[in-house]
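Sequence lines set the chain letters: A, B, ... in the order given, protein chains first and strands last, and positions in each chain run from 1. In what follows, every heavy atom counts, from backbone to side chain, and hydrogens, waters and symmetry copies are set aside.
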Amino acid sequence: MRPTPHPRLPRTFPLMRLSRSFIPTLKETPAEAQIASHRLMLRAGLVRQVASGIYAWLPAGLRVLDNIATLVREEQAAAGAQEMLMPTLQSADLWRESGRYDAYGPEMLRIRDRHERDLLYAPTNEELITDLARQTIKSYRELPQMLYQIQWKFRDEVRPRFGVMRGREFFMKDGYSFDRDYESAVASYRRMMLSYMRTFQRMGVRAIPMLADTGPIGGELSHEFIVLAPTGESQVFYDSTLEELDYLKSDFSYENHEDLAAFHGLINSYYAATEEKHDEARWEAVPAANRRSGRGIEVGQIFYFGTKYSDKMNFRVAGHDGKTITPEMGSYGIGVSRLVGAIIEASHDEAGIIWPAAVAPFRAAILNLRVGDAGCDRVCEDIYAKFGGAALLDDRDERAGGKFADADLMGHPWQIIVGPRGVAAGTVELKNRATGTREEVSVESALSRVL
RNA sequence: CGGGGCGUAGCUCAGCCUGGUAGAGCACCUGCUUUGGGAGCAGGGGGCCGGAGGUUCGAAUCCUCUCGCCCCGACCA
């Protein structure tokens, strides 16, 4: 049988038979993992730690990473952002221009090549993107521009922890806007914010936008997007209405400035703040039933920073009247690898992960409870072929209990359980991981429910 | 970077105090029995006891140094 591409994945995977797969699940919890998502990622065979804060992504984990990245790409495209790819290793000279080479501190990983030139492993890319923009963009008529990449970054954290959520190497979408003036920059900012809300909603997590500290620039043009997780870096407070808003059904247009302003106003009309910006008086004004508080992990952040980099790096273009103007910039991040951990923190139980369908490595697991039984094998292969790579077939010569436990652990949204009893009756059992519901259904009905 | 802890089989750990040449459970391999929520019996493979140096007739065990990992704090896309 020829490999079939996963319908949603940019990568082509081979068919996934568990008996032939590299998905090393662990019955026991590795000693180094303390929190749920870290434990479950190791146990479900998604990642293996290579060094402190650095992980190898195994086949199932890579699928999740890809699914998240695909959702990000689709929503970035919808908002008009263009994807590109920047190098991880960069010359220190660019960073000396902005002054950040010295300002950044020991979190920046510095490297020296054979010619004794200073390099660094980029933790973010304002310098590089500004350099590319200034080489190319000469007129206000070439603005606005919205560019992004999804690339590995490195921050040499003093103390990496919580697995992939606070690692040193991380996979992140970083985007940058260039605009001719403040008004246009604000529209770019709001456009990204709307795109973020749609992106997170499609992933099956509710990331709450919170006003972040904007430093000397001020205004309401920096937000952090936070998912509740016990291991979060800050205490957060918000109005639960922010969990209910449906941005996918809303018809805010990316092109219409009034729509964008209305959207921004809607978000800011509900209370949401981290510990540092918490305001007791405003909190008291939130209806008691709507108050939500807890630890929160940041999965995205956006900010407008005006001409901070364009000015320092001498990025100028010709304006409408022929005079020189300095483009206004913003930057926009989504922690793709961090989201894998954050989603698990938000969606798991005693038995394992509960994947939201949009990011699950496999839509379903097909459990063959009696490998070698002609009927079971035939039904399983039939179902499996129809999934075209989107399902995982557990064809291992294992006991039923072990298959159930692994399927629960790996968190597939659906389990299609094929046993001799059902096969004789022409049915399979369909289990929903999230609700735990199991029902006897025909093969056709199982397929139509899951596919 | 301050404080604490841990490195022994793929995983979880015992052994270390009181030195005598390496263990358990799970996993893995073979056979038989079993077969719908991590089976049973029998047999088997697998460890430079993180690394280096020292003390000793003898070191997983004692001493020194070193590397790695984890936890608390400060920090944190």
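Atom pair Glu440(A):CD and G36(B):P shows a separation of 14 Å (rounding to whole Å applied). Protein atom OH of Tyr55(A) is 10 Å distant from nucleotide atom P of C69(B), rounded to whole Å. Counting to the nearest Å, the P atom of G10(B) and the CG atom of Leu58(A) are 17 Å from each other. The nearest whole Å value for the distance from the CG atom in Leu339(A) to the P atom in A77(B) is 15 Å. Distance NE2 (His38(A)) to P (C11(B)): 14 Å, rounded to an integer number of Å. Atom pair Lys403(A):NZ and G38(B):C1' shows a separation of 13 Å (rounding to whole Å applied). At whole-Å resolution of the value, CD in Glu298(A) and P in C75(B) are 15 Å apart. When rounded to the nearest whole Å, the span between CZ of Arg295(A) and C1' of C76(B) equals 12 Å.
Between Arg48(A) and G10(B) there is no side-chain N or O to OP1 or OP2 distance below 4.0 Å. When the side-chain nitrogen and oxygen atoms of Arg159(A) are compared with OP1 and OP2 of C72(B), one or more of them lie within a distance under 4.0 Å. An OP1 or OP2 oxygen of G68(B) is reached within less than 4.0 angstrom by no side-chain nitrogen or oxygen of Gln49(A). For C70(B), the OP1/OP2 oxygens have a side-chain nitrogen or oxygen of Ser52(A) closer than 4.0 Å. For U35(B), the OP1/OP2 oxygens have no side-chain nitrogen or oxygen of Arg399(A) closer than 4.0 Å.
When Watson-Crick and G-U wobble pairs are counted only if both distances are under 3.5 Å, C16(B) pairs with no nucleotide at all. Both distances falling under 3.5 Å, in either a Watson-Crick or a G-U wobble arrangement, place G53(B) opposite C63(B). The partner of G46(B) cannot be assigned: no Watson-Crick or G-U wobble pair with both contacts below 3.5 Å exists in any strand. Of all nucleotides present, only G5(B) satisfies the Watson-Crick or G-U wobble test against C69(B), with each distance under 3.5 Å. Base pairing of A27(B): no nucleotide in any strand meets the Watson-Crick or G-U wobble criterion (both distances under 3.5 Å). A 3.5 Å limit on both hydrogen-bonding distances identifies G40(B) as the Watson-Crick or G-U partner of C32(B). With a cut-off of 3.5 Å on both Watson-Crick or G-U wobble distances, the partner of C76(B) is given as none.
Lys431(A) comes within contact range of at least one nucleobase, with a heavy-atom separation under 4.0 Å. Heavy atoms of Ala31(A) sit under 4.0 angstrom from primed sugar atoms or phosphate atoms, though from no base atom. Among the atoms of the strands shown, base atoms are found under 4.0 Å from some heavy atom of Arg438(A). Note on Glu32(A): only backbone sugar-phosphate atoms sit closer than 4.0 angstrom, heavy atoms only; bases stay farther off. Nucleic acid contact class of Gly335(A) (heavy atoms, under 4.0 Å, all strands): none. Within the nucleic acid shown, Thr124(A) has no heavy atom closer than 4.0 Å to any nucleic acid atom. Among the atoms of the strands shown, none is found under 4.0 Å from any heavy atom of Asp174(A). Backbone-only contact: Gly401(A) has heavy atoms under 4.0 Å from sugar-phosphate atoms and none from a base.
Once rounded to the nearest 0.5 Å, the distance linking CD of Gln82(A) with CD of Gln76(A) reads 11.5 Å.
Taking atom C1' in both G10(B) and G46(B), the straight-line distance is 10 Å, to the nearest Å. Nucleotides C32(B) and A22(B) have their C1' atoms positioned 31 Å apart, rounded to a whole Å. Here, G4(B) and A9(B) have their P atoms 27 Å apart, quoted to the whole Å. The separation of G73(B) from U56(B), taken at their C1' atoms, amounts to 42 Å, rounded to a whole angstrom. When the C1' atom is used for both A60(B) and C49(B), the distance is 4 Å, rounded to whole Å.
Comparing Leu369(A) and Gln301(A), the nucleotide of RNA chain B nearest to each residue sits closer to the 5' end for Leu369(A). Residues Pro160(A) and Glu169(A) both approach RNA chain B. Their nearest nucleotides, taken by heavy-atom distance, put Pro160(A) toward the 5′ side.
Checked options Glu276(A), Lys277(A), His278(A); the residue passing with Thr274(A) is Glu276(A) (criterion: side-chain hydrogen bond (donor to acceptor under 3.5 Å, both in side chains)).
Nearest nucleotide to the side chain of Arg370(A), out of G36(B), U35(B), G38(B): U35(B). Here the nucleotide nearest the side chain of Asp406(A), chosen from A77(B), C71(B), G38(B), is G38(B). For Lys27(A), counting side-chain heavy atoms from C-beta on, the closest listed nucleotide (G36(B), A27(B), C71(B)) is A27(B). In the set C76(B), G38(B), G37(B), C76(B) carries the atom at the smallest distance from any side-chain atom of Arg155(A). Minimum atom distance to the side chain of Glu157(A) is reached by C75(B), of the listed C75(B), G36(B), C71(B). Of the candidates G37(B), C28(B), C76(B), C76(B) carries the atom nearest the Glu233(A) side chain, counting heavy atoms from C-beta on.
For the residue pair Tyr189(A) and His223(A), a side-chain donor N or O sits within less than 3.5 Å of a side-chain acceptor on the partner. For the residue pair Glu75(A)/Ser195(A), the side-chain donor-acceptor check at 3.5 Å is not satisfied. With 3.5 Å as the limit, one finds no donor-acceptor pair spanning the side chains of Thr437(A) and Asn432(A). Glu381(A) and Asn368(A) share no side-chain donor-acceptor pair at under 3.5 Å.
Below the 3.5 angstrom threshold, one finds a donor paired with an acceptor across the side chain of Glu28(A) and the base of G25(B). Checked by distance alone, Glu429(A) brings a side-chain donor or acceptor within 3.5 Å of a matching partner on the base of G36(B).
The side-chain tip of Arg191(A) does not point at the ring of Tyr254(A) from less than 6.0 angstrom away and within 45° of straight on. At least one cation-pi condition fails for Arg206(A) and Tyr238(A): the charged atom is not both under 6.0 angstrom from the six-membered ring centre and inside a 45 degree cone around its axis. For the pair Arg110(A) and Tyr104(A), the cation-pi test (distance below 6.0 Å, angle within 45°) is failed.
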